[in-house]
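Each remark here refers to the structure printed beneath this line.
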There are 2 protein chains.
Amino acid sequence: MADWLTAEEQRAWRRTAAMFTLLPAALDAAMQRDAGLTQFSYLVLAMLSEEPGRTMPMSELASMVSSSLSRLSHVVSRLEKQGWVTREPCQDNGRVTMARLTDAGWDKVVAAAPGHAAEVRRLVIDAVGPDRIADLDAITGAILRRLDPGGKMRANPLSQGC
Amino acid sequence: MADWLTAEEQRAWRRTAAMFTLLPAALDAAMQRDAGLTQFSYLVLAMLSEEPGRTMPMSELASMVSSSLSRLSHVVSRLEKQGWVTREPCQDNGRVTMARLTDAGWDKVVAAAPGHAAEVRRLVIDAVGPDRIADLDAITGAILRRLDPGGKMRANPLSQGC
DNA sequence: CGTGCACAGTTGAAGCATCAAGTGTAAAGT
DNA sequence: ACTTTACACTTGATGCTTCAACTGTGCACG
């Protein structure tokens with residue numbers, strides 16, 4: 001099918017589409033191999049690890065990792081079974097539940113982080129090259145703004161209490 | 001975790017990671033809504049539709065869509081059940097099987113293509129802007145070269161016969 | 001020849017994602 | 001107060017992807 005894109009656009013899109021297939025697969029494979037985690041569950045642990053108190057409401061966490069609450073809930077169930085995360089209801093607000101990173105979970109993230117950073121550097125940062133990091137940032141920013149018309153782009157959703 | 005990336009690199013990577021979550025989901029959702037296809041099965045149909053004779057060996061098709069043979073086999077099974085593709089052994093070579101796009105499959109692609117092209121244009125091409133398409137191409141090219149060290153990047157794997 | 005090996009493809013099971021439906025809690029409307 | 005609506009989740013079913021194991025075919029080497 002000759003899509004209604006110019007030749008240059010089409011070429012760029014096809015490459016981009018290929019990258020969208022291959023890069024996540026490569027990063028996932030490395031993460032699976034080195035830490036037995038998916039990219040996504042690593043991200044969940046990593047986000048919790050950066051929070052003061054290592055704890056966060058499920059919904060806030062979901063928005064941090066750009067996932068549905070449903071997906072997050074399933075994943076956290078698994079992480080809970082592994083002993084890396086616990087869930088507890090929030091006192092201040094009966095309908096939020098807090099996810100907390102355990103010590104074992106912290107250790108897991110600390111162990112996995114260097115390998116992950118190295119892979120990202122190898123496959124993305126160094127591949128793109130220092131001169132083009134700003135371009136990358138601009139392009140992804142532009143696409144994200146399209147995807148997220150309600151322009152959250154993270155103005156810090158103010159979690160009160162807990 | 002403060003990954004071992006500079007602040008600028010980290011910012012760019014986080015955005016990029018978010019894009020890698022959201023863009024495929026958005027395209028998939030649109031394709032599902034408009035045509036009842038996944039992005040991937042659409043791609044399979046589209047690749048076949050561009051081939052003269054609308055037919056191709058499974059393994060060549062797999063490499064065109066950057067997937068494992070296993071994944072492709074499952075997907076083609078489903079497409080076959082829908083009546084959009086057929087599979088037939090190749091005379092010239094007893095171990096290749098050819099996938100062929102049926103007339104119904106052709107119609108399906110033709111019906112789905114405009115919507116898909118429009119989504120790609122809206123979410124990627126127009127978001128990036130004409131001035132930056134070349135940058136996009138350069139960046140994805142660089143990353144793909146990293147991912148695909150055996151530098152296929154498509155030098156046409158010469159399918160003989162059938 | 002024939003044995004071994006690599007290629008092309010399929011299959012079944014297991015894991016993860018998505019969707020629709022459900023529970024329970026807070027906040028508004030009346 | 002009482003109902004409604006919206007929110008914050010959870011759960012189970014379904015479907016797709018991945019992985020490991022398997023079948024069958026061609027090729028190379030002794």
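To find a chain, count down the sequence lines: A is the first, B the second, and so on, and within it residues start at 1. Reckoned from all heavy atoms, side chains included, excluding hydrogens, waters and symmetry mates.
Taking atom CG of residue A/Leu61 and atom C1' of nucleotide D/dC9, one finds them 13 Å apart after rounding to whole Å. In this entry the distance linking CG of B/Leu72 with P of D/dC19 reads 16 Å, nearest Å. Taking atom NZ of residue A/Lys81 and atom P of nucleotide C/dA14, one finds them 16 Å apart after rounding to whole Å.
Checked against side-chain hydrogen bond (donor to acceptor under 3.5 Å, both in side chains), A/Thr38 has the following partners two or more places apart in sequence or in another chain: A/Ser41. The side-chain hydrogen bond (donor to acceptor under 3.5 Å, both in side chains) check on B/Arg122 picks up B/Glu119, with sequence neighbours excluded. Shown here are the ring pair (Phe, Tyr, Trp, His ring centres under 6.0 Å) partners of B/Phe40, two or more places apart in sequence or in another chain: there are none. Residues satisfying the side chain to side chain contact (heavy atoms under 4.5 Å, CB included) criterion with A/Ser73, sequence neighbours excluded, are A/Met58, A/Arg87. In this structure B/Arg78 satisfies the side-chain hydrogen bond (donor to acceptor under 3.5 Å, both in side chains) test with no other residue, sequence neighbours excluded.
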Heavy-atom protein contacts under 4.0 Å, nucleotides 1-9 of chain C, coded B base, S sugar-phosphate only, - none:
-----BBSB
I need a per-nucleotide contact map over nucleotides 13-18 of chain D, read 5' to 3'. Cutoff is protein heavy atoms under 4.0 Å; write B for the base, S for backbone only, - otherwise.
---SBB
Which pairs of donor and acceptor atoms, one on a side chain in residues 125-137 of chain B, lie under 3.5 Å apart (sequence neighbours left out)?
residue	atom	partner	partner atom	Å
B/Asp126	OD1	B/Arg121	NH1	3.2
B/Asp137	OD2	A/Arg11	NH1	3.2
B/Asp137	OD2	A/Arg11	NH2	3.2

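Ion pairing of A/Glu50 with B/Arg14 is present here, as a side-chain N (NZ or NE/NH1/NH2) and a carboxylate O approach within less than 4.0 Å.
Across the interface with DNA chain D, nearest-nucleotide mapping of A/Gln32 and B/Gln91 shows A/Gln32 to be the residue nearer the 5′ end.
Among pairs with a residue in residues 17-32 of chain B, none fulfils side-chain hydrogen bond (donor to acceptor under 3.5 Å, both in side chains), at least two apart in sequence or across chains.
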